[in-house]
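Below you'll find the structure, written out as structure tokens, and then a few comments.
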4 protein chains.
Amino acid sequence: MIKVDTDSFVPIFEQIKQGIKRDITSGVLKPQQALSSIRDLAADLIVNPNTVARAYRELEMEGFIETRQARGSLVAGNSAALAKQEREAILDRIFNEAVAEARRFYLNDAEILRLFERKLRAGGGNVATGEPKVKGDKHE
Amino acid sequence: MIKVDTDSFVPIFEQIKQGIKRDITSGVLKPQQALSSIRDLAADLIVNPNTVARAYRELEMEGFIETRQARGSLVAGNSAALAKQEREAILDRIFNEAVAEARRFYLNDAEILRLFERKLRAGGGNVATGEPKVKGDKHE
Amino acid sequence: MIKVDTDSFVPIFEQIKQGIKRDITSGVLKPQQALSSIRDLAADLIVNPNTVARAYRELEMEGFIETRQARGSLVAGNSAALAKQEREAILDRIFNEAVAEARRFYLNDAEILRLFERKLRAGGGNVATGEPKVKGDKHE
Amino acid sequence: MIKVDTDSFVPIFEQIKQGIKRDITSGVLKPQQALSSIRDLAADLIVNPNTVARAYRELEMEGFIETRQARGSLVAGNSAALAKQEREAILDRIFNEAVAEARRFYLNDAEILRLFERKLRAGGGNVATGEPKVKGDKHE
DNA sequence: GTGGTCTAGACCACC
DNA sequence: GTGGTCTAGACCACA
């Protein structure tokens, strides 16, 4: 389920791209599986169809999806390799950022690990909950 | 040392704000310490002075810095309280995001922790290195 | 043998029209000769029958073919005159484009001729080979 | 000088892309040279700015141009390599098509060469003149 | 002034 | 119904 945050600096079309990429990389969307039609997804997200169209177009250019005239779009058959790459890139990036941020505060590795572990056990990042964004605090 | 990424979706003035906030919260900049002049920082970052001016203006509105005519800007005396808040908010957010992202890939807590630990030991988050951003693949 | 390129900007029905015109002008299809049935050709090209039907309809309007109820379509008896026209138009156009394109790169006539000759001897234009189209780099 | 043909099957944004690529590959536009602003070019071509913007955006994604916020776009510094590739790809494609078309009419190599040579000497493809498009005869 | 994104709404090609 | 392109016009971020 893709969520659009209009307060984010990240353009809507990019959020949609990332959302679909994530669903592909995480296996929610499987190769050859049909995607929502542009119009449907636009209606879902309460967003202009052109915006979704741009996301789809760029995803196709990057090889994640295929689209056939008048028959909609589907996950690319060879998306598996890309998915693996993407998945590693995402995890690498996000973990790296977390460590970098913590190091900036002069925490040593043990402290960082302890904090992270506590967060993890506390159920942090629960997908069901989502991350409660603070309005007006646009970090990404 | 602030770094500006012109390929990021985050506006430059916001990147500068975050950079200065980080330096304050991490203690690199201490209360009453003078900040670079607007034009110096602009020259440093190869950025328009207006952009730096906007960052400073907003930081002042948020209480992080103070600006005195002819004396330039300096870190607010009462920045300590803000810094603590900010520091916790940043760590909470970034760790939460990391966990959330990992959970999206259906990793269980043990796996997440193992990956994070490996990253940490591998020297992850080295600010000097950074991640070479690929244009058109912007994540924040 | 008609080939359909779904990545081309040229609509499929137009590609089919051009393919049949080419077969008529080149003599592969002779006056009064029967064409494939709409549904056969559609099955062959893995294309919607409506698309083939449209190509046939327009070819009939342009006088290249005739359609008789229940007897299917056949090459028009008077297609010879049209074929000659068409053939010259095609050659003129394609050679003109080739020369124009080469001139745009400031090649002089001798160089152009040399390049063309090399291509010719190298077996250029082998229809079987074709040029592997790259999606998103569509030239026609 | 880019020309837009609204009767072509090739989308306007693609015609603009090709026109700029051609100017880069032919040396009319040199590395680091500034391009027309989106709005100016749009006014020139009597086309919507969004259409030009899309052309520029894709050219940037392909590495032909660079664009800096609020400072316009310029030919990429490393466009030379791309230009060479592109130039060869264009010539290869166009010559190949010409030969293929001629072969379809069962002309042998000598005949093809003779026709091509005649066209060349007759001043075919004169860039100054342009190619007189036949209205409604959409071939590309 | 620049480019970037988004919306709203139209028309087309194809199934 | 599908996606694709285009227009018109708005607003924002940045120089």
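Letters go in sequence order (proteins before strands), and every chain restarts at 1.
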Please name all residues satisfying salt bridge (charged side-chain N to carboxylate O under 4.0 Å, His left out) with C:E60, sequence neighbours left out, ordered by chain then number. none

Test your reading of the model: is there a side-chain donor-acceptor pair from C:E97 to the backbone of D:I94, 3.5 Å cut-off? no

Please list, chain by chain and in numerical order, all residues satisfying salt bridge (charged side-chain N to carboxylate O under 4.0 Å, His left out) with A:R54, sequence neighbours excluded. A:E58

Between OG1 on residue A:T6 and CD1 on residue A:I12, distance to nearest 0.5 Å: 6.5 Å

Can you tell me which residue pairs pass the salt bridge (charged side-chain N to carboxylate O under 4.0 Å, His left out) test with a partner in residues 67-80 of chain D, sequence neighbours excluded? D:E66-D:R68

Considering only residues two or more places apart or on different chains, which pairs with a residue in residues 30-41 of chain A satisfy salt bridge (charged side-chain N to carboxylate O under 4.0 Å, His left out)? none

Strand DNA chain F in bracket notation, Watson-Crick/G-U under 3.5 Å with | for pairs to another chain: ||||||||||||||.

Going by heavy atoms closer than 4.0 Å, what residues in residues 39-54 of chain D are next to DNA chain E? D:R39, D:N50

Using whole Å, report how far CZ of D:R68 lies from C1' of F:dA13. 17 Å

Taking for A:R71 and for D:R71 the nucleotide of DNA chain E with the nearest heavy atom, the one nearer the 5' end belongs to D:R71

Taken to the nearest whole Å, OH/C:Y56 to P/E:dC14 is 16 Å

Earlier contact from the 5' end, DNA chain E, for C:I12 and A:I12: A:I12

Taking the side chain of A:S37 as heavy atoms from C-beta outward, which of F:dC14, E:dA13, F:dT2 is closest to it? F:dT2

Among the candidates E:dC14, E:dG4, F:dT5, find the nucleotide nearest to the side-chain atoms of A:A70. E:dC14

Minimum-distance nucleotide to D:I38 side chain [options: E:dG4, E:dG1, E:dC15]: E:dG4

Residue met sooner reading DNA chain F from 5', once A:S36 and B:F13 are mapped to nucleotides: A:S36

